[in-house]
Protein chains: 2
Amino acid sequence: MEIQGLTGRLLDELGPAIASGELPEGSVLRGEELEERFGVSRTVVREAVRILEGMRMVASRRRVGITVLPKSLWDVFDPMVIRWRLAGADRPAQLRSLGSLRVAVEPAAAALAAVHATDDDRRELSALAVELTVAAREADLNTFLGHDIAFHALVLRASGNEMFAHLGDTVGAVLTGRTEYHLMPHQPEPYAIRLHREVADAICSGHGEEAERAMRTIVTGALAELNQQLG
Amino acid sequence: MEIQGLTGRLLDELGPAIASGELPEGSVLRGEELEERFGVSRTVVREAVRILEGMRMVASRRRVGITVLPKSLWDVFDPMVIRWRLAGADRPAQLRSLGSLRVAVEPAAAALAAVHATDDDRRELSALAVELTVAAREADLNTFLGHDIAFHALVLRASGNEMFAHLGDTVGAVLTGRTEYHLMPHQPEPYAIRLHREVADAICSGHGEEAERAMRTIVTGALAELNQQLG
DNA sequence: CACTTGAATACGTCATATCTTTGAAGCGAT
DNA sequence: ATCGCTTCAAAGATATGACGTATTCAAGTG
């Protein structure tokens with residue numbers, strides 16, 4: 001679900017360059033310069049810049065050029081921005097931000113899911129918790145990661161809140177990144193696994209507060225681990 | 001900080017039309033049709049569509065046209081999308097989503113602010129709490145609203161989390177909308193005012209848990225009130 | 001020194017042409 | 001009648017030339 005064509009390719013050059021700080025705040029680009037540098041036409045440059053303008057990473061002004069805006073103005077919830085920042089020099093800061101966001105949102109989502117999840121949601125959640133346990137026991141990290149992502153995305157979706165649901169992919173990106181990052185030398189901790197089952201059980205039986213508490217333990221643990229890794 | 005020019009104007013026609021459901025999921029537009037309907041050139045249409053594509057509200061495909069994507073794919077955290085939805089038929093759903101989001105995020109932000117707020121932040125927060133109390137006592141609703149928005153935005157910013165900070169404007173839009181919505185026939189509740197002062201005091205003195213608790217009481221109260229209003 | 005004026009500049013918009021992709025119609029063979 | 005291949009046309013994607021317009025900067029003027 002990405003932007004296609006030359007515009008998309010240019011975007012994937014400019015976005016990361018800005019997100020990583022390679023083009024710092026206040027940098028000025030000229031449209032014609034971008035045309036030459038990337039060998040594309042005005043059309044392509046203008047459309048890519050418009051998209052960046054839509055996410056408030058740049059502003060285009062007559063007689064001045066295309067200015068890189070301060071990070072505080074960026075749409076930091078835009079999945080593209082998040083992906084670019086996770087891929088570049090801003091990765092630690094982005095992981096910290098997302099860690100705190102998870103601590104805030106996921107317990108609330110779990111509590112809501114206990115009320116709003118459909119029967120199908122509950123069944124799938126239970127199944128995922130079981131498969132998670134199996135994959136962990138067999139130390140199958142890739143399978144584990146996939147189920148873990150699906151688990152958290154499902155809780156967020158089952159909350160019935162569209163904004164929470166939308167964070168599913170982002171959380172998935174964090175979990176993927178975390179696995180890649182420290183390469184998961186050890187198998188997942190049994191305690192964390194048990195907590196996932198507790199979340200699933202609590203949501204299935206409609207115990208919102210318990211689901212919230214268990215989920216909070218999971219995400220605060222993840223945040224603590226993250227802070228330890230990042231120093 | 002809006003998109004300027006004809007592109008911006010077209011965007012402000014198309015965005016709300018899609019957000020309100022006037023152009024439902026699956027609707028197909030042709031670029032040429034938009035050119036004629038709005039009397040603008042291809043350039044303008046394409047750039048506006050590109051921006052909408054960037055927020056995943058539409059997808060453009062050859063031989064088909066510009067298709068309105070299902071709401072579940074939209075970047076629901078994009079400030080433009082939120083504004084458009086708040087302005088149209090989707091307003092109740094958007095208010096509910098934002099209400100839950102506030103319950104999740106603002107208490108966490110308050111807790112973090114107690115640790116990360118600068119001295120200036122703390123001073124400003126105290127001042128705002130006082131001015132809030134004064135405006136409430138004088139039943140000056142506009143002043144009260146302004147300070148209320150500033151208060152919540154400051155807590156979010158002082159949390160030190162850029163993603164939380166970014167929600168300041170959105171929360172402001174919710175508060176503004178709420179005041180406009182039920183026209184605030186009564187003066188703000190003294191209990192809610194006291195809670196704001198508690199939040200400020202707790203953050204100033206570094207008591208994260210107390211700040212979190214007081215803030216949670218505020219936002220859960222707001223959510224309950226909202227649910228009552230919306231049925 | 002402050003103000004006005006003008007020219008240079010870079011984006012904004014329009015119009016047109018060509019290329020590329022792709023959905024669908026057409027058509028033949030099994 | 002259905003499957004599979006070919007062909008065609010529709011619509012977006014890209015390129016390019018022309019002109020409009022706001023904005024900046026500096027020269028000129030009082």
Side-chain angles (χ1 to χ4, degrees), chain A residues 1-18 22-70 73-75 80, chain B residues 1-15 17-18 23-70 73-75 80:
Chain A
M1 194 48 76
E2 286 308 306
I3 274 82
Q4 300 277 319
L6 293 182
T7 306
R9 257 190 282 168
L10 177 55
L11 202 59
D12 281 340
E13 297 277 345
L14 289 181
I18 297 172
E22 186 186 325
L23 293 173
E25 166 184 347
S27 304
V28 177
L29 306 166
R30 286 179 318 109
E32 197 183 337
E33 168 196 341
L34 294 175
E35 291 174 33
E36 292 163 6
R37 180 133 61 100
F38 296 97
V40 294
S41 70
R42 262 207 309 283
T43 310
V44 170
V45 168
R46 287 190 56 77
E47 290 177 13
V49 167
R50 279 299 201 188
I51 294 173
L52 289 172
E53 214 175 348
M55 42 183 83
R56 294 173 168 73
M57 291 180 82
V58 304
S60 179
R61 283 168 51 206
R62 289 177 206 259
R63 187 58 173 83
V64 176
I66 298 145
T67 313
V68 176
L69 294 175
L73 293 177
W74 300 355
D75 275 358
M80 269 192 259
Chain B
M1 194 51 74
E2 286 308 305
I3 273 83
Q4 301 277 320
L6 293 183
T7 305
R9 256 189 284 168
L10 177 55
L11 202 59
D12 280 340
E13 296 277 347
L14 288 181
I18 296 173
L23 292 173
E25 167 185 345
S27 303
V28 177
L29 306 166
R30 286 179 319 109
E32 196 184 338
E33 168 196 341
L34 294 175
E35 292 175 31
E36 293 164 6
R37 180 133 62 98
F38 295 97
V40 294
S41 72
R42 202 188 194 80
T43 310
V44 171
V45 168
R46 286 189 57 78
E47 290 177 11
V49 167
R50 279 299 200 187
I51 295 174
L52 289 172
E53 213 176 346
M55 42 183 81
R56 293 173 170 74
M57 292 180 83
V58 304
S60 178
R61 282 168 52 207
R62 289 181 209 257
R63 189 63 169 85
V64 174
I66 298 145
T67 312
V68 177
L69 294 175
L73 293 178
W74 300 355
D75 275 357
M80 270 192 258

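Here is how names work: the chains are called A, B, and so on, in the same order as the sequence lines, proteins then strands, and each is numbered from 1.
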> Looking only at heavy atoms, what is the nearest atom pair of Ile66(A) and Arg30(A), with distance?
Replying inline: CD1-C, 4.3 Å

>> Any base atoms under 4.0 Å from Leu29(A), or only sugar-phosphate, or nothing? Heavy atoms, all strands.
In response: sugar-phosphate

> How close or far is atom P of dT21(D) from atom CD of Gln4(B), stated in whole angstroms?
Replying inline: 16 Å

> What is the distance, rounded to the nearest whole Å, between atom CZ of Arg46(A) and atom C1' of dA10(C)?
Replying inline: 10 Å

> With respect to the side chain of Val44(B), which nucleotide from dA10(C), dA13(D), dT13(C) is positioned closest?
Replying inline: dT13(C)

>> Whether Arg9(B) contacts dT13(C) is assessed here as follows: a side-chain N or O lying under 4.0 Å from the phosphate OP1 or OP2. Is that the case?
In response: no

> Between dT9(C) atom P and Ile66(A) atom CD1, what is the distance in whole Å?
Replying inline: 17 Å

>> Output the rounded distance in Å from CD (Glu32(A)) to P (dA15(D)).
In response: 15 Å

>> Can you measure Glu36(B) atom CD to dC14(C) atom P for me and round it to whole angstrom units?
In response: 14 Å

>> Main chain of Leu10(A), side chain of Glu13(A): is a donor-acceptor contact present, judged purely on distance under 3.5 Å?
In response: no

>> I want to check one thing: is the phosphate of dG12(C), taken as OP1 and OP2, less than 4.0 Å away from some side-chain N or O of Thr7(B)?
In response: no

> How about Glu2(A) and Met80(A): do any of their side-chain heavy atoms sit closer than 4.5 Å?
Replying inline: yes

> Nearest-Å distance, CD (Glu33(A)) to P (dT9(C))?
Replying inline: 16 Å

> Run the side-chain contact (heavy atoms from CB on, under 4.5 Å) check on Leu29(A) and Thr67(A) step by step: do they pass?
Replying inline: CA-CA 6 Å; Leu29(A) 306 166; Thr67(A) 313; over 6 Å; no

Every protein N/O lying under 3.5 Å from an N/O of nucleotides 15-22 of chain C:
| unit_1 | atom_1 | unit_2 | atom_2 | d |
| --- | --- | --- | --- | --- |
| dT20(C) | O2 | Arg62(B) | NH1 | 2.7 |
| dT21(C) | O4' | Arg62(B) | NE | 3.1 |

> Does CD belonging to Glu22(A) count more than 12 external heavy atoms closer than 6.0 Å?
Replying inline: no

>> With no hydrogens and no angle check, just 3.5 Å: does a side-chain donor-acceptor pair link Arg50(B) and Thr7(A)?
In response: yes

> Rounding to a whole Å, what distance do you find between Glu35(A):CD and dT14(D):P?
Replying inline: 14 Å

> If only atom types and distance count, is the side chain of Trp74(B) paired as donor or acceptor with the main-chain N or O of Leu69(B) below 3.5 Å?
Replying inline: yes

> Please give, in whole Å, the distance from dT14(D) C1' to Arg50(B) CZ?
Replying inline: 10 Å

